[in-house]
There are 2 protein chains.
Amino acid sequence: MNFSSIEEADLEQSGFSYTLSLISGKYKMAILYCLMEYKVVRYNEIKRYLKTISHKTLSTVLKQLEADGLVHREEYPQIPPKVEYSLTERGKSLIPILDSMCLWGEKNR
Amino acid sequence: MNFSSIEEADLEQSGFSYTLSLISGKYKMAILYCLMEYKVVRYNEIKRYLKTISHKTLSTVLKQLEADGLVHREEYPQIPPKVEYSLTERGKSLIPILDSMCLWGEKNR
DNA sequence: CCGTATCCTTGCCGATACTG
DNA sequence: CAGTATCGGCAAGGATACGG
């Protein structure tokens with residue numbers, strides 16, 4: 001995006017706002033990092049790693065990440081149920097941006 | 001940040017969350033881009049460029065950006081008043097990250 | 001011209017309880 | 001085990017009016 005697009009187009013249409021909508025929120029990035037680190041993770045494992053997240057929030061956020069194509073959900077039809085989450089290629093391509101944000105934040109805070 | 005810090009520390013303390021808190025919000029990035037493009041800009045100029053932003057929101061966000069050290073505010077004590085905003089060095093150092101987010105969003109949306 | 005004050009709506013997120 | 005349902009609190013952001 002360059003500035004001319006701010007003048008002419010709606011902000012909602014910029015690439016920045018789109019990217020921001022995918023990663024902003026209290027837990028999204030932590031979940032992405034969790035999946036990056038452990039590759040394939042079950043629902044309750046994620047919940048344990050994040051510690052403070054509620055069922056409702058984790059459930060909601062995972063569905064958003066899945067809908068946004070960043071996370072893959074694999075369900076095994078068995079009892080008790082088993083569901084595994086992992087990053088898609090699209091999700092992995094976002095990691096360098098998350099890293100640069102971490103780095104900037106640690107240097108400049 | 002690496003994953004071990006997710007396990008051991010609070011999310012609130014990560015560099016990512018800090019960076020995110022500086023740039024998330026509906027208009028922050030647009031203001032930063034506006035300042036990047038035009039260098040020194042008056043209050044009402046910013047308001048015109050952003051079009052849909054309200055007085056209250058612009059005022060609030062500018063104060064946050066100033067408090068976070070990303071934006072410099074120069075006030076000229078005259079009537080009618082004149083105030084100019086510009087990026088600090090710290091603010092400029094954030095631009096590459098904003099750019100990469102724009103780029104990713106445009107490629108992947 | 002450059003804001004503040006007030007009121008209001010909306011959406012995120014947590015707590016808790018329940019289900020296949 | 002892996003969720004959904006319901007309720008409620010809190011903060012961001014918009015509309016409008018007023019002030020130095």
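The figures here come from the full heavy-atom set of this structure, side chains too, leaving out hydrogens, waters and symmetry mates. Residue numbering restarts at 1 for every chain, and letters A, B, ... go by the order of the sequence lines.
- Taking 4.0 angstrom as the limit, A:Lys63 places a side-chain polar atom (N or O) nearer than this to OP1 or OP2 of D:dT4.
- Considering only heavy atoms from C-beta on, B:Leu58 stays 4.5 Å or farther from B:Leu50 through its side chain.
- Considering only side-chain N and O atoms, B:Arg48 lies nowhere under 4.0 angstrom from the phosphate OP1 or OP2 of C:dC2.
- Computed from coordinates, the B:Lys47 NZ to C:dC2 C1' distance equals 12 Å when rounded to whole Å.
- Among the heavy atoms of the strands lying under 4.0 Å from A:Tyr85 are primed sugar atoms or P, OP1, OP2 only; no base atom is included.
- Residues that satisfy the side-chain hydrogen bond (donor to acceptor under 3.5 Å, both in side chains) test with A:Thr57, not counting sequence neighbours, are A:Ser54.
- Whole-Å rounding puts the A:Arg73 CZ to D:dC1 P distance at 16 Å.
- With no hydrogens or angles considered, no side-chain donor-acceptor pair links A:Ser59 and A:Tyr43 at under 3.5 Å.
- In this structure, B:Ser86 contributes its side chain and B:Val40 its backbone to no donor-acceptor pair below 3.5 Å.
- A centroid separation of 6.0 Å or more is found between the aromatic rings of B:Tyr33 and A:Phe16.
- Atom CG in B:Leu62 sits roughly 11 Å away from atom C1' in C:dC2 (whole-Å rounding).
- Residue A:Leu58 contributes atom CG, which lies 17 Å from atom P of C:dT16 at whole-angstrom precision.
- Without hydrogens or angle criteria, A:Ser100 side chain to B:Ile97 main chain gives no donor-acceptor distance under 3.5 Å.
- The side-chain hydrogen bond (donor to acceptor under 3.5 Å, both in side chains) search around B:Glu84 returns B:Tyr76, not counting sequence neighbours.
- If you measure from atom CD1 of B:Ile79 to atom C1' of C:dC1, you get 10 Å, rounded to the nearest angstrom.
- Residue contacts for A:Lys28: at a heavy-atom cut-off of 4.0 Å it reaches no nucleic acid atom on any strand shown.
- Between C:dC2, C:dG3, D:dC1, one nucleotide has an atom nearer to the side chain of B:Arg42 than all others, and that is C:dC2.
- For the helix from C:dC1-D:dG20 to C:dG20-D:dC1, the angle separating the two terminal helix axes comes to 40°, with each axis derived from five pairs and the value rounded to 10°.
- Pairs passing the salt bridge (Lys or Arg N to Asp or Glu O under 4.0 Å) check and including a residue from residues 56-74 of chain B, sequence neighbours excluded, read B:Arg73-B:Glu75.
- Listed by chain and number, the residues in a side-chain hydrogen bond (donor to acceptor under 3.5 Å, both in side chains) with B:Glu89 are B:Lys92 (sequence neighbours excluded).
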Q: Produce a footprint string for nucleotides 5-20 of chain D: one letter per nucleotide, 5' end first; B if the base is under 4.0 Å from any protein heavy atom, S if only the sugar-phosphate is, - if neither.
A: -BB-----BBB----B

